[in-house]
Amino acid sequence: MGRIAGVTAAETRERLLRAAAGVFAERGYDGTRVADIAAAAGVSNGALYAHFGSKGELLVAALRAHGRQMLAELVAADPERPITESLLIIGRWLPRRRDARGHLVVEALVAARRDADVARPMHDYMGERADLLEELVRAAQAGGEMDGALSPEAVAHFCLLLAMGSVLVPPEMHGVGDEEWSALLTRVVAAFAPARPAPSHPTPSHPTPSHPTPSHPAPGEPAGPEAETGGTR
């Protein structure tokens with residue numbers, strides 16, 4: 001099988017990406033052969049290699065093409081929505097995620113640890129995700145939503161850890177109640193807000209009256225009224 005008659009190069013590439021997403025999710029990275037993806041797409045191995053240099057490159061390309069870019073979609077849908085609110089919306093969804101992209105992320109993360117063909121494009125993909133988050137954090141800082149002292153790189157890294165962890169620990173392995181998770185995230189995001197100045201305490205207009213310190217008689221001397229009367233009443 002070569003190039004399909006009447007199908008453009010862009011359509012062939014999209015066909016390959018859809019097939020790769022399905023086959024990788026079903027069989028895993030190690031269990032998938034290039035021939036399996038080509039057959040699922042209805043093209044030859046040569047046609048696949050005309051678009052992608054390796055199986056690893058195809059895996060990350062499928063992840064980038066068919067992964068849901070929820071944060072970018074939320075911001076684009078409502079540019080006036082506070083960025084911290086968008087982060088909360090996505091964060092609340094993470095424990096319940098069951099999208100096919102999750103399978104691709106897991107395969108790519110695992111494969112990247114032992115396959116340089118995956119590690120290189122996966123590094124670029126993660127860098128793109130981090131760059132988007134850092135850009136949004138800087139916009140939130142400029143708008144007064146987030147503390148300007150926070151490192152955008154550190155906040156982006158924290159968000160990536162949450163997102164990647166949510167695919168490695170799916171709901172069926174460990175779940176948490178929606179209300180408890182939402183309450184925790186709200187507390188975390190609130191910590192990103194600019195620090196409020198400590199309230200100043202005004203000086204009292206009337207000084208506090210001083211209380212005389214009672215005198216203590218020397219040993220052997222009478223105390224109280226007896227001292228004034230010589231010890232007699």
Side-chain angles (χ1 to χ4, degrees), residues 17-18 20-29 59-60 62-113 122-123 125-196:
L17 290 172
R18 285 198 304 269
V23 176
F24 281 132
E26 178 184 354
R27 304 184 186 181
Y29 179 75
L59 170 63
V60 181
L63 175 61
R64 180 181 283 110
H66 295 287
R68 293 183 64 190
Q69 309 298 335
M70 285 190 66
L71 185 55
E73 292 170 3
L74 279 172
V75 173
D78 186 0
E80 299 303 318
R81 177 190 288 118
I83 292 170
T84 50
E85 183 179 331
S86 295
L87 292 175
L88 276 174
I89 291 172
I90 294 177
R92 293 185 183 114
W93 168 79
L94 288 178
R96 303 191 303 274
R97 66 185 304 172
R98 295 180 181 273
D99 56 332
R101 172 179 174 267
H103 298 292
L104 291 176
V105 171
V106 171
E107 291 301 324
L109 288 173
V110 174
R113 296 183 62 86
M122 192 61 179
H123 179 273
Y125 172 78
M126 296 298 288
E128 293 169 10
R129 305 299 298 156
D131 288 346
L132 171 62
L133 286 164
E134 290 171 24
E135 181 182 345
L136 291 173
V137 170
R138 291 189 178 93
Q141 289 174 324
E145 290 183 53
M146 287 190 181
D147 188 345
L150 290 172
S151 162
E153 292 80 4
V155 175
H157 187 68
F158 175 77
C159 293
L160 285 175
L161 289 179
L162 280 181
M164 298 299 105
S166 70
V167 301
L168 295 173
V169 186
E172 56 270 21
M173 287 189 178
H174 186 271
V176 63
D178 290 346
E179 292 185 4
E180 291 85 353
W181 180 246
S182 180
L184 174 63
L185 285 181
T186 300
R187 294 279 293 272
V188 171
V189 172
F192 294 164
R196 295 181 179 179

Side-chain atoms of residues 179-193: list all donor-acceptor pairs with protein atoms under 3.5 Å, sequence neighbours left out, distances to 0.1 Å.
residue : atom : partner : partner atom : Å
W181    : NE1  : G91     : O            : 2.7
S182    : OG   : R92     : NE           : 2.8
T186    : OG1  : S182    : O            : 2.8

- [ ] Given side-chain contact (heavy atoms from CB on, under 4.5 Å), test V137 with L150 step by step and report yes or no.
- [x] CA-CA 9 Å; V137 170; L150 290 172; 5.8 Å; no
TODO: Please assess M122 against L63 for the test side-chain contact (heavy atoms from CB on, under 4.5 Å), listing each intermediate value before the final yes or no.
DONE: CA-CA 9 Å; M122 192 61 179; L63 175 61; 4.0 Å; yes
Task: Audit row: V75, R81, side-chain contact (heavy atoms from CB on, under 4.5 Å) steps and yes/no - done: CA-CA 7 Å; V75 173; R81 177 190 288 118; over 6 Å; no
Open item on the list: Run the side-chain contact (heavy atoms from CB on, under 4.5 Å) test on R96 and D178 for me, step by step, so that the C-alpha distance in whole Å, both residues' side-chain angles and the decisive distance to 0.1 Å come before the verdict.
Closed with: CA-CA 9 Å; R96 303 191 303 274; D178 290 346; 3.4 Å; yes
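Residues satisfying the side-chain contact (heavy atoms from CB on, under 4.5 Å) criterion with L160, sequence neighbours excluded, are M126, R129, A130, L133.
Among all heavy-atom pairs drawn from V169 and H174, the shortest one is CG1-CB, 4.0 Å. The two residues G144 and P194 make their nearest non-hydrogen contact at O-CG, 3.3 Å. In terms of heavy-atom proximity, A139 sits nearest to I83 at CB-CD1, 3.8 Å.
Pairs engaging residues 143-166 under the side chain to side chain donor-acceptor pair (under 3.5 Å) rule: T84-E145, R97-S166, R138-E153, S151-E153 [sequence neighbours left out].
In E128, the CD atom is crowded: over 12 heavy atoms of neighbouring residues, nucleotides or ligands sit closer than 6.0 Å.
Summarising the geometry, atom CD1 belonging to I90 is positioned 5.0 Å from atom CG belonging to L74; distances are rounded to the nearest 0.5 Å. Here CG of L59 is found 5.0 Å from CZ of F24. Values are rounded to the nearest 0.5 Å. Residue L136 holds its CG atom at 11.5 Å from CD of Q141, rounded to the nearest 0.5 Å.
Between the side chain of E134 and the main chain of A154, no donor-acceptor pair closer than 3.5 Å is present.
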